[in-house]
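Because the structure is predicted, anything quoted here is derived from the model rather than measured. Letters go in sequence order (proteins before strands), and every chain restarts at 1.
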Amino acid sequence: IGEIRRYLRDNNPIRVSRSLRDVAYKALQVRDALVHRYAREPSVRQIADELNLPREDVVFALDAIQEPISLFEPIYH
Amino acid sequence: MDTGTPGVKNSVHMEFPSLPENVGFARASVAFFASQLDFTLDELDEIKVAVSEAVSNAVVHGYPQGPGPVVVDVSATEAGELVVQVADRGTGIEDVEQACQTSFTTRPGERLGLGLTFIKEYADRLEVTSRPGEGTVVTFRKRPQPAAVSQG
Amino acid sequence: MDTGTPGVKNSVHMEFPSLPENVGFARASVAFFASQLDFTLDELDEIKVAVSEAVSNAVVHGYPQGPGPVVVDVSATEAGELVVQVADRGTGIEDVEQACQTSFTTRPGERLGLGLTFIKEYADRLEVTSRPGEGTVVTFRKRPQPAAVSQG
Ligand SMILES: Nc1ncnc2c1ncn2[C@@H]1O[C@H](COP(=O)(O)OP(=O)(O)O)[C@@H](O)[C@H]1O
Ligand SMILES: Nc1ncnc2c1ncn2[C@@H]1O[C@H](COP(=O)(O)OP(=O)(O)O)[C@@H](O)[C@H]1O
Ligand SMILES: [Mg+2]
Ligand SMILES: [Mg+2]
């Protein structure tokens, strides 16, 4: 799954607006900070709380920087 | 709608035509819903992959001739488990056991036959029921894993 | 499900109990669906506000006694318009015209009476139909604005 994350991060052909990218970037930063602080993987809910954003906005932004419909079996080529 | 089902804390019912663009909609919507449980980002990614695979299957295999209805039901149980059900009324599957085998596909050359394998891998439990000519129901369950101590 | 309705390109039907946490779900899911049309991020934010207000109203005013079913239908027309309908089977509204007036609320002190005003402001068109005891249907439509030349 770490590989999936990397794949998703490296394969991002679609244009994603600056501010969505910012939210996603901050979410990943906060995640790292929380991992550091508590020595375990935080939940999305904790990340959103820390950022003071609705959970869905964090999920939305992270989804926007990913995109492929299906990692393994794209419908479109 | 499961307002009153015992053991169910919250649930959403969704229906949409089996258009490729709705694979992304289903993936994101289930992830929005799932974020009310204590999933990590990696677990959420696993959920997204599982939803994508199940809905892609409905689009590609369920309705090869053109769009038909896909129904997605998601719920959060009182015990903190996510239950996702993806149903179509399409072609159905002749042999479910075979369909679930790694690398089995009825479209060799074009597809990899890994979709159901990934769902099985990422979910705690997978159930597939299907009847040829009547459609397919894929149900998977997943619970947030108790926090592992991270390797610094 | 509007697979075949003329003029409708894509549509999603959603149902969920009127729990406060589902306001966020509806807001995000509709915004995600809307992103298949050419809305700017600002327009998507306006859509999010409108959906939040409509669904909050169903939660707060439609079902003051406890959760009941909320139905959200979203579609994208061939002409590129987003149509959002939020329906409940709750208390209904005595006087719709009055309810739509800025600052009118049946819960003064507690609420501001701006929800429907915001929807009217952000949508191209708003329609509210309601019958006391039967429920309320709020429908709004919005099209992406033709791109303005950006100020350097
Ligand atoms: N919803 C469905 N409707 C009909 N057949 C399906 C459905 N889902 C899966 N199948 C069958 O199961 C097989 C294996 O599915 P999967 O593991 O996702 O691999 P793939 O999609 O790459 O073929 C498919 O090739 C198809 O024959
Ligand atoms: N879904 C609904 N069911 C019942 N009454 C509603 C609904 N939506 C709006 N109303 C009525 O319309 C009034 C105005 O709504 P709104 O402009 O959103 O302001 P507020 O929610 O702050 O009161 C509400 O106070 C309520 O009386
Ligand atoms: Mg597949
Ligand atoms: Mg209101």
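Contact between B:P17 and C:S11 at its shortest, heavy atoms only, is CD-O, 3.1 Å. Across every non-hydrogen atom of C:L19 and B:K9, the tightest pair is CD1-O, 3.7 Å.
The closest side-chain heavy-atom distance from C:E15 to B:E15 is not below 4.5 Å. Looking only at side-chain heavy atoms (C-beta outward), C:F32 and B:F32 come within less than 4.5 Å of each other.
Heavy atoms of other residues, nucleotides or ligands lying less than 6.0 angstrom from CD of C:E78 number more than 12. Other residues, nucleotides and ligands contribute at most 12 non-hydrogen atoms within 6.0 Å of the CZ atom of C:F118. In C:R131, the CZ atom is not crowded: 12 or fewer heavy atoms of neighbouring residues, nucleotides or ligands sit closer than 6.0 Å. Atom CD of C:Q65 is surrounded by 12 or fewer heavy atoms from other residues, nucleotides or ligands within 6.0 Å.
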